[in-house]
Each structure stands twice: as structure tokens, then as C-alpha cells.
Amino acid sequence: MSQTEVQLIKSSSVVDGDIVGMSSSKLSGALPAISGANLTGITAGITEVDNWRIPTTYSTSGDAVVTSWERNDSNFEVIGSGMTESSGIFTFPSTGKYLIMASLNANATNVQYIGIVIKYTENDGSSFTTRAQNFDSAAGTNYFVSVNTQTIFDVVNTSTHKVRFHTNVQGSTTIEGVSTAQRSGFTFIRLGDT
């Protein structure tokens with residue numbers, strides 16, 4: 001088709017049409033509005049984010065469940081409905097695959113190991129299994145130690161699939177907690193559907 005023939009077509013004369021093999025650089029003018037009503041396989045993105053912390057400093061030894069928690073209330077807003085906690089056990093707000101990131105800060109003297117452990121249950125707390133863990137040590141006096149670990153947990157049932165956090169230390173160690181900043185605690189992020 002010659003350039004002259006193209007110029008003779010009125011803009012209102014083509015109602016519907018297919019353009020095959022035309023590059024985007026040849027298109028111009030206003031495009032019609034496109035509705036996403038018929039699109040499938042698209043999710044809303046991140047629908048749950050929550051952040052909790054140990055609010056006070058305390059001493060511990062051995063393998064111990066952390067039971068003192070508070071939700072971060074310093075310039076943080078939960079996305080979604082958030083986690084719920086009872087006696088150190090956390091319940092998920094909805095099914096899905098969750099990224100769980102935990103951090104622990106401690107002050108210790110001559111301690112071989114200081115660890116943070118994420119444990120999970122798939123039977124509503126009848127038994128817990130280690131899901132992720134990490135350790136450090138303190139080879140001198142009043143050493144500050146920072147330990148981090150993370151895991152992805154597929155929550156297929158919110159009634160049975162839960163988590164809790166443990167400290168695991170050799171000897172007496174001071175766990176560093178504070179209620180005005182994130183020092184020791186964790187973050188949950190729902191990545192997608194189960």
C-alpha cells in the first residue's frame with residue numbers, strides 16, 4: 001500500500017482490526033483504555049508483612065522458647081492482618097509461602113555458642129522441629145554477638161502450621177531487647193500462595 005493510499009483512510013473508518021508485523025515505533029495516537037477484568041494468573045503482590053521484637057533485655061541459658069514479644073510500633077504498619085502470638089507460638093493470618101527472617105543480639109562472656117532457632121509445627125504444637133538456626137560465640141568478656149537466620153515456610157493450614165523462636169546458648173547470656181528499635185526479633189513476609 002502506498003503512502004497516498006494510507007493517507008486516504010479516515011480515522012473513524014476502522015472499528016476493529018488486527019495489525020500484524022508492525023513495530024511499536026509505527027504506532028501513534030491515543031490508544032483505547034484496556035481493562036484487566038479478563039486477565040488471569042495475576043496476584044495482588046505482598047499481602048502480609050509483620051515485624052515483632054523482644055522488648056526487654058533478659059538473661060537466659062540452654063535451649064529456651066522466647067515468650068516475651070511485642071509487635072513493632074516504631075514507624076511500622078502491618079500489611080494485612082498480621083501474625084498472632086500466644087505463649088511464644090505464632091499463628092499465621094492466611095495460608096501461603098512465608099519468608100521468616102530472625103535476628104538475635106546478645107551480650108556474653110566466654111560462651112562457646114549463642115544461637116537463634118526457628119522451629120515449626122504442622123500438628124498445632126504437639127511437636128516442634130528445627131527449621132532454621134545459626135550460631136556465634138563470645139571468646140572474651142562482654143562480647144556483643146549478632147546472629148541471623150531465615151527460612152521459607154509453606155503454611156497450608158493456619159490451624160496446624162505455626163512457628164516459635166528459641167534461643168540456644170551455652171552458659172548464661174544476656175539477650176538484648178529494646179522496645180523502641182529492632183534489636184532482636186523477626187519479620188514475616190507472605191511471598192505467595194501455597
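A cation-pi contact links Arg164 to Phe128, judged by a cut-off of 6.0 Å to the six-membered ring centre and 45° from its axis.
Under the 4.5 Å side-chain heavy-atom criterion for ILVMFWY residues, no single connected hydrophobic cluster contains both Val178 and Val147. In terms of hydrophobic clustering, with Ile, Leu, Val, Met, Phe, Trp and Tyr side chains grouped at heavy-atom distances under 4.5 Å, Phe135 and Leu104 are assigned to different clusters.
Using modelled atom types, one side-chain atom of Asn134 and one backbone atom of Asn148 make a donor-acceptor pair closer than 3.5 Å. In terms of modelled atom types and a separation under 3.5 Å, the side chain of Glu176 and the main chain of Ala106 share no donor-acceptor contact. Between the side chain of Ser184 and the backbone N or O of Asn105, at least one donor-acceptor pair lies under 3.5 Å. A donor-acceptor pair is defined here as one N or O able to donate and one able to accept, closer than 3.5 Å; no such pair exists between the side chain of Arg71 and the backbone of Thr84.
Between atom CZ of residue Phe186 and atom OG1 of residue Thr149 there is a gap of 14.0 Å, rounded to the nearest 0.5 Å. Within the model, atoms OG1 of Thr187 and CE of Met101 stand 5.0 Å from one another, a figure rounded to the nearest 0.5 Å. Within the model, atoms CG of Asp136 and OH of Tyr113 stand 14.0 Å from one another, a figure rounded to the nearest 0.5 Å. Rounding to the nearest 0.5 Å places CG of Asp63 at 14.0 Å from CD of Gln170. To the nearest 0.5 Å, atom OH of residue Tyr98 and atom CD1 of residue Ile189 are 11.5 Å apart. Between the CD1 atom in Ile46 and the CD1 atom in Ile79 there is a gap of 6.5 Å [rounded to 0.5 Å].
Between Ser103 and Ser146, every side-chain heavy-atom pair lies at or beyond the 4.5 Å cut-off. Looking at Glu48 and Phe188, their side chains never come closer than 4.5 Å, going by heavy atoms from C-beta outward.
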Next on the checklist: I'd like to know whether Val156 forms a side chain to side chain contact (heavy atoms under 4.5 Å, CB included) with His161, so could you lay out the CA-CA distance, the side-chain angles of the two residues, the decisive distance to 0.1 Å, and finally the verdict.
Outcome noted: CA-CA 7 Å; Val156 299; His161 287 54; 3.4 Å; yes

Item to check | Thr109/Asn142 under side chain to side chain contact (heavy atoms under 4.5 Å, CB included): CA gap, chis, key distance, verdict | outcome: CA-CA 5 Å; Thr109 298; Asn142 290 326; 3.8 Å; yes

Next on the checklist: Determine whether Asn51 and Gln182 satisfy the following criterion, side chain to side chain contact (heavy atoms under 4.5 Å, CB included), listing intermediate values before the conclusion.
Outcome noted: CA-CA 9 Å; Asn51 190 231; Gln182 199 69 8; 3.3 Å; yes

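Nearest approach of Arg53 to Ala181, heavy atoms of both residues: CD-O, 3.4 Å. Across all their heavy atoms, Ser81 and Val78 have their closest contact at C-CG1, 4.1 Å. When all heavy atoms of Ser59 and Thr174 are compared, the closest pair comes out as OG-OG1, 3.7 Å. Trp69 and Gly185 make their closest contact through CZ3-CA, 3.9 Å (heavy atoms, listed as atom of the first residue, atom of the second, distance). When all heavy atoms of Thr151 and Ala132 are compared, the closest pair comes out as CB-CB, 3.9 Å. Shortest non-hydrogen contact noted between Asp193 and Arg190 is OD1-NH2, 2.7 Å.
The salt bridge (Lys or Arg N to Asp or Glu O under 4.0 Å) search around Glu85 returns none, not counting sequence neighbours.
In this structure, the ring of Phe92 has its center no less than 6.0 angstrom from the ring center of Phe90.
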Which donor-acceptor pairs under 3.5 Å do the side chains of residues 114-127 make with protein atoms, sequence neighbours left out?
unit_1 : atom_1 : unit_2 : atom_2 : d
Thr121 : OG1    : Asn123 : N      : 3.1
Thr121 : OG1    : Asn123 : OD1    : 2.6
Thr121 : OG1    : Gly125 : N      : 2.9
Thr121 : OG1    : Ser127 : O      : 2.9
Asn123 : OD1    : Ser126 : N      : 3.0
Asn123 : OD1    : Ser127 : N      : 3.1
Asn123 : ND2    : Ser127 : OG     : 3.0
Asp124 : OD1    : Lys162 : NZ     : 2.7
Ser126 : OG     : Asn123 : O      : 3.3

